[in-house]
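Reviewing the structure listed below.
Below, read A as the first sequence line, B as the second, and so on, with proteins coming before strands; counting in each chain starts at 1. Note: hydrogens, waters and symmetry copies are ignored here, and every other heavy atom, side chains too, is used.
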Amino acid sequence: MRIVAEHLSYTYQPKSPFATRALDDVSLTIEEGEFFGILGHTGSGKSTFVQHLNGLLRLPPSRKRGKKSPPAPNEPKLLVGEFDLTQKKTDLRALRRRVGMVFQYPEYQLFAETVKEDVAFGLKNFSDKKLTAEETEKAVREALSVVGMEYDEVAEKSPFDLSGGQKRRVAIAGVVVTRPEVLVLDEPAAGLDPLGKREVMELLHRLHSTWCKTVIIVSHDMDEIAENCTRAAVFAEGKVRFCLPPAELFRHAEELTELGLDIPLTAKLCRALERRGVVLDCDFTTEDFIRKTLALMGGKP
Amino acid sequence: MKDVAFGQYYPVPSFVHRLDPRLKLLFLIAFIVAIFLASNFYGLAVCAGVLLVAILFSRVPFGKVLRAVRGVVFLILFTAALNVLFYRGETVYWSWGIFQVTEEGLIFSAFLVTRLVLLVTCSSMLTYTTTPVALTDGLESLLTPLKWIRFPVHELALIMSIALRFIPILMDETERIKNAQKARGADFESGGLIKRVRAIVPILIPLLLSAFRRADELGDAMDARCYMGSKNRTKYKKLRFTWRDLLAFFWGAALITGVVLLRVYMGAPV
C-alpha cells in the first residue's frame, strides 16, 4: 500500500486557548516495501502524523465546494492504498486491519487474562466470521513465533507475569496477528535495554521480510534510523524538513543539530575524521563504516 | 471524552482569575446561599445579573460557560418535567390520570430550572477561573481552624490537589489506551448495552493498572524527597488579599443584601 499525504494540517483543540498546531502543511509519500523512519523532537508532530494513517485522527472536514469548480491547489489529501481518507465515509475497520499500529509502550494496553486471549483480541475484532478455536490458535501461535516467543510456554500465562521485553513482544504480536500490510510503530524500542532494543529491531526486520510489506517507525534514536531505514523524514514544528535516505540525511549534521536532534555515532566519527582530512564515504551503518575504515587502513574485512 | 472539559481551568488573564481563591470560595458559598434565599424571580434575576458581571470580568467565553450546563441538561429537563406534571395548582391547563399541568406548576419549574442553571454555572465559574492548586491552597487556608481539633486539613488538601491534578493525566491515558484498542479493531460505538459495557473492559483494566502504577511512583517520589506532611512546611505562593478582593467582597455583600431585601419585601412568586 502506497501512502500519499499532501498538505496535511492538524490543530489540537482548535478555537481555544489550548489550540496547538501539530501538523502544518505536511506532504509525504511512503512507497510500498519501505522501512521508513520518522524523526523529530517531542511535539514535532510525528505521532500526530502517524495517527492519521489508520484513521485514529481524521482530516478536518473539507470546505464544501461546487461540483464544477476545480479542487483548490493546496487541498489536503491523504491516500493509504486504495483508502481515501479525505472522504468522510471510509471503512475504518478494513483500513485498520491493513494498517497495524503499535503505540508507544504497547505493553500498557495488555488487558486479557492470558497471553493467548490478548493476542487474539484484534484477530476476533477484525474477522468477518466467527473463528474456530483451531484457527485462532494457529494464528496466535504464528504471531507469537514471529515475535520470537514460544506458544506452548506463554500462551496460558497472564501477560502481567512476563518481563518488560516479553510484554512488549506480546503486544506487538497482538497487532501483527492480523497480518497488516503496513505496520506503524511509535518508538518501538523506547525504554528497553540495548539487548532488548536489538531484539525488537531484529524482529521488525523479520516482519518486514515476511508479513508486513511496509514498516514505519517513529523514533528519535538516530543509530536505529541509520541502521535500519530505507528513508527517513525529519519533522520539526509540524513541518517535514527532510525526507532522504539515511546515507544522505546524516550529511546534514549541522541542520539536524540546529533542530535539536542528534546524529548517529558513525556520522560523528566520519565528521571527526573529515576534520583531520580523511574522507570516508560511508552510508552510516555500522557495518559499512567498519568495512570502509578497515579498507582505508589497508586491513582485510 | 474531550467534552468532559466541564470545569476545566480556562487560562486567560482576568480580574476574576486574579482574585484570592479563598474569596472566590466564600463568594461561591454566598452565591449558593443567595440562590436558595431568593424566593422569587426578581431575586434570581439579581443573582443572574451578578453572575453575568462575573462572567464578563472573567473573560471566559459564554459558549464555554454554557457547555458546563450542557453536561447536566438531562438532570435539569428531568426535574422540570416531573414538576410540570405533578405540581398541584389552581389553574389547570391539562390533566390525564395522575398527571396535571397547571400554571403554578409551569412557573415553579421555570423557577427551578433557572435555579439549577445558576448553580451549575456559578460552580463551574470557580473552576474555570481558579487553578486546582490555588483552589486547594485556598481550601486549606479556609479550613485551618479545624486543625485545632486535630483534623488533617493539610492531608485533605493534598489528597484533593493530587486527585485534581490526575484527572487530565488519566483522561489522556484513557484516550491513548482507547486509540490503541481501536487500532486493534475494538468497537466502542455499536451494539447493545451489554456489548458496549463489555467493550469497556479492554480500556478499564489497563487504565486501573496505570493508575495504581502512577500512585506507587508518586508515593515513592514523595518519600524520596522526604515529604512529611504539613509540619514546618512553607508555601511558595502566599495568599494575599488585594484591592480586587475588597471590590469583589463588596460586590458579594451587595448581592446577599439585595436578595434578602427582595425576599422580605416582595414575597414568594407562587
Side-chain angles (χ1 to χ4, degrees), chain A residues 12-19 47-48 50-57 92-113 117-128 158-160 167 171-178 180 182-186, chain B residues 1-6 8-14 17 58-65 67 128-129 131 168-191 195-196 198-214 217:
Chain A
Y12 283 103
Q13 299 185 302
K15 291 178 205 151
S16 82
F18 306 99
S47 297
T48 309
V50 294
Q51 286 189 46
H52 276 87
L53 300 182
N54 71 348
L56 285 173
L57 291 177
L92 288 177
R93 210 180 112 198
L95 172 69
R96 285 175 189 158
R97 173 161 50 186
R98 295 175 57 190
V99 180
M101 175 92 56
V102 179
F103 278 82
Q104 232 176 82
Y105 298 102
E107 54 272 30
Y108 293 151
Q109 74 190 36
L110 299 172
F111 70 95
E113 279 168 53
E117 278 173 56
D118 210 294
V119 176
F121 179 66
L123 194 69
K124 284 182 180 156
N125 287 332
F126 281 128
S127 76
D128 297 312
S158 159
F160 306 110
K167 274 188 200 164
I172 294 176
V175 174
V176 298
V177 70
T178 49
V182 178
L183 182 64
V184 185
L185 304 104
D186 195 346
Chain B
M1 206 64 207
K2 298 230 166 71
D3 283 338
V4 200
F6 162 53
Q8 206 182 43
Y9 181 62
Y10 191 84
V12 282
S14 86
H17 283 74
S58 73
R59 294 172 59 188
V60 177
F62 273 100
K64 193 91 189 162
V65 178
R67 190 175 288 181
Y128 276 143
T129 61
T131 61
I169 292 181
L170 289 179
M171 249 154 73
D172 276 358
E173 188 92 3
T174 314
E175 196 66 23
R176 208 167 20 243
I177 296 169
K178 202 172 159 187
N179 272 341
Q181 308 298 26
K182 263 192 194 165
R184 293 209 280 165
D187 178 10
F188 306 111
E189 273 104 40
S190 66
K195 190 165 169 256
R196 279 191 199 207
R198 282 179 63 183
I200 297 176
V201 174
I203 299 181
L204 212 57
I205 290 176
L207 187 66
L208 273 176
L209 281 169
S210 118
F212 280 117
R213 195 179 60 243
R214 281 177 197 280
E217 281 169 6

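- At a 4.5 Å heavy-atom cutoff, B/D187 makes no contact with chain A through either its backbone or its side chain.
- For B/R213 and A/Y108, the positive end sits near the middle of the six-membered ring, less than 6.0 Å away and at most 45° from its axis.
- Rounding to the nearest 0.5 angstrom, the gap separating the CD atom in B/Q181 from the CZ atom in A/F111 is 5.5 Å.
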Open item on the list: side-chain contact (heavy atoms from CB on, under 4.5 Å), that's the test. Do B/I205 and A/E113 meet it? Break it down for me.
Closed with: CA-CA 10 Å; B/I205 290 176; A/E113 279 168 53; over 6 Å; no
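- Considering every non-hydrogen atom in both B/A186 and A/N125, the closest pair reads N-ND2, 3.4 Å.
- Heavy-atom neighbours of B/F62 CZ from other residues, nucleotides or ligands within 6.0 Å: above the threshold of 12.
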Which pairs would a plain distance check flag for residues 95-104 of chain A, meaning a side-chain donor or acceptor within less than 3.5 Å of a matching protein atom at least two apart in sequence or in another chain?
{"from": "A/R96", "atom 1": "NE", "to": "A/N54", "atom 2": "O", "distance (Å)": "3.0"}
{"from": "A/R96", "atom 1": "NH2", "to": "A/G55", "atom 2": "O", "distance (Å)": "3.1"}
{"from": "A/R97", "atom 1": "NH1", "to": "A/F126", "atom 2": "O", "distance (Å)": "2.8"}
{"from": "A/R98", "atom 1": "NE", "to": "A/E181", "atom 2": "OE2", "distance (Å)": "2.8"}
{"from": "A/R98", "atom 1": "NH1", "to": "A/E82", "atom 2": "OE2", "distance (Å)": "2.7"}
{"from": "A/R98", "atom 1": "NH2", "to": "A/E181", "atom 2": "OE2", "distance (Å)": "3.1"}

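- Taking CG from A/L56 and NZ from B/K178, the interatomic distance works out to 11.0 Å, rounded to the nearest 0.5 Å.
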